[in-house]
Number of protein chains: 2
Amino acid sequence: MPIDIPEVVIDRLPVYARALKLLERDSREVVSSYELGEQLGVTPAQIRKDLSYFGRFGKQGRGYNVHRLLSELRQILGLEQQWTLALVGVGNLGRAILTYGGFAPEGFSIVEAFDANPEIVGQCVGELVVRDVKELPDILHRSPVDIGIVAVPAAAAQGVIDTLVSCGTKAILNYAPIAARVHRDIRMRYIDPVLALQSMTFYLKSAKVSAR
Amino acid sequence: MPIDIPEVVIDRLPVYARALKLLERDSREVVSSYELGEQLGVTPAQIRKDLSYFGRFGKQGRGYNVHRLLSELRQILGLEQQWTLALVGVGNLGRAILTYGGFAPEGFSIVEAFDANPEIVGQCVGELVVRDVKELPDILHRSPVDIGIVAVPAAAAQGVIDTLVSCGTKAILNYAPIAARVHRDIRMRYIDPVLALQSMTFYLKSAKVSAR
DNA sequence: TGATGTGAATCAGTTCACAGCT
DNA sequence: AGCTGTGAACTGATTCACATCA
């Protein structure tokens with residue numbers, strides 16, 4: 001059913017949901033596509049068109065009921081559900097991910113953590129005991145997770161991703177700086193601050209004169 | 001000069017550069033758009049078209065000289081230069097950013113760190129002493145940085161971004177979960193793992209059956 | 001009056017396909 | 001023979017503009 005909806009549209013829905021959450025917290029009852037667009041730096045037409053893929057949530061002359069629209073979006077995106085995640089790689093970065101407080105309130109709970117380093121295996125980080133990555137297939141076959149988080153060095157990342165996929169993981173959040181190759185029905189998102197910086201410098205270059 | 005080149009093209013160049021770096025390390029002399037495309041999951045035509053915005057770097061019948069193309073891309077993107085960054089927000093996340101080893105080898109050096117919490121101000125993290133964010137305008141006016149990194153709570157983020165911009169910062173890497181409003185000649189990149197997860201769940205939803 | 005929802009028009013990005021070079 | 005570079009064709013996304021409704 002939810003196919004042939006452009007992926008860019010899906011990517012924007014969580015942004016809308018986040019803005020609506022703020023509006024709801026401020027007890028706003030109704031919002032127009034114009035106001036929402038203003039807040040998000042998006043055209044009103046874009047918002048209306050995006051939403052129209054999923055239904056008719058607005059009232060002409062009035063706008064959208066904030067609570068109603070938020071709840072529709074949460075339904076559409078599956079944000080009402082609880083999602084389980086397994087983290088692979090408990091170095092600096094992995095630790096920061098484990099202790100980051102932003103996932104749990106959104107329904108994302110990291111239920112397993114793996115590392116290859118024997119000095120790290122067995123450590124407690126937060127609520128979790130770090131497991132040996134060798135046990136990953138066993139553990140995840142027994143109780144699969146919805147999403148894998150990859151925070152291992154570049155050289156190990158493709159292997160880890162392949163293993164996760166072979167355990168039935170259908171979505172991966174990859175922090176490793178590689179262009180991973182996966183079957184196209186596996187969802188992949190990249191968190192890659194270096195890439196982000198390297199594309200901005202193109203625009204800075206012309207302006208930049210001297211070193212500090 | 002470098003205007004009306006689509007932004008998506010610029011975003012892909014660092015990806016190409018990264019792949020070329022690997023090839024160079026493996027002492028590969030020449031690579032075709034086909035092979036590069038294979039490795040990156042991109043069509044060869046895309047690569048050739050992207051590169052053609054900047055020049056004719058290939059040899060018909062042969063492909064691209066790896067070293068030459070890498071060095072051209074580094075030039076185009078400004079990766080030969082050293083870039084200075086200021087971090088705002090030295091909580092969990094900020095600390096992870098400061099200790100992350102991936103920036104420095106790419107020429108990005110964090111030269112200032114700011115926080116609003118008096119318990120954090122004055123602490124040493126890595127090489128840096130954390131400054132009070134109140135001193136930020138003074139310090140950055142005196143010695144500006146190229147890029148700001150924002151790792152403060154959502155509620156504080158827009159204010160911090162405005163301050164950075166008023167100090168002449170032209171590019172911002174934003175880790176805060178907000179849709180920031182900035183003048184369009186300020187470059188902004190978002191690092192937002194929650195958004196990434198929330199768009200993937202849309203696709204998982206249909207498949208998901210039971211809870212763990 | 002003031003907003004939505006949506007076909008149609010436009011704009012942007014990708015892929016095709018092939019001439020041309022080595 | 002093999003691959004680049006690039007207009008042209010195509011595909012996809014955004015914006016326009018307006019009928020429609022509260």
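In the text below, chain A, chain B and the rest are named by the order of the sequence lines, each starting its count at 1. Just so it is clear, the structure is predicted and the values come from calculations on it, not from any experiment.
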Next on the checklist: For D/dT4, does the base pair up with any side-chain atom of B/Gln60 as donor and acceptor (N or O, under 3.5 Å, distance only)?
Outcome noted: yes
Item to check | Distance-only side-chain donor-acceptor flag, A/His67 / A/Asn65, under 3.5 Å | outcome: no
Checklist outcome for this item: When A/Gly63 and A/Ser52 are each assigned the nearest nucleotide of DNA chain C, the 5'-most assignment goes to A/Gly63
Checklist entry - Between B/Asp11 and B/Arg189, is the closest basic N to carboxylate O distance under 4.0 Å? => result yes
Item to check | Contact nearer the 5' end of DNA chain D, comparing B/Gly61 with A/Ala45 | outcome: B/Gly61
Checklist entry - Below 4.0 angstrom, N of the basic side chain to O of the carboxylate: do B/Arg62 and B/Glu29 qualify? => result no
Checklist entry - Between D/dT6 atom P and B/Gln46 atom CD, what is the distance in whole Å? => result 16 Å
Item to check | Gap between atoms CG and P, on A/Asp11 and D/dG12 respectively (whole Å) | outcome: 17 Å
Next on the checklist: Whether the A/Gln39 and B/Arg181 side chains hold a donor-acceptor pair (N or O, under 3.5 Å, no angle test) is what I'd like checked.
Outcome noted: no
Next on the checklist: Classify A/Tyr64 by what it touches in the nucleic acid, base, sugar-phosphate, or nothing, heavy-atom distance under 4.0 Å.
Outcome noted: sugar-phosphate
Next on the checklist: What contact category does A/Arg48 fall into here, base, sugar-phosphate, or nothing, at under 4.0 angstrom with non-hydrogen atoms?
Outcome noted: base
Next on the checklist: Assuming nearest nucleotide by heavy-atom distance, tell me which of A/Pro6 and A/Arg62 is located more 5' along DNA chain D.
Outcome noted: A/Pro6
Next on the checklist: Does B/Phe57 reach a base, just sugar-phosphate, or nothing at all? Heavy atoms under 4.0 Å.
Outcome noted: sugar-phosphate
Checklist entry - How close or far is atom C1' of D/dC3 from atom CG of B/Leu51, stated in whole angstroms? => result 13 Å
Checklist entry - OP1 or OP2 of C/dT6 sitting under 4.0 Å from any side-chain N/O of A/Arg56? => result yes
Item to check | Spacing of A/Asn65 atom CG relative to D/dA22 atom P, expressed in whole Å | outcome: 16 Å
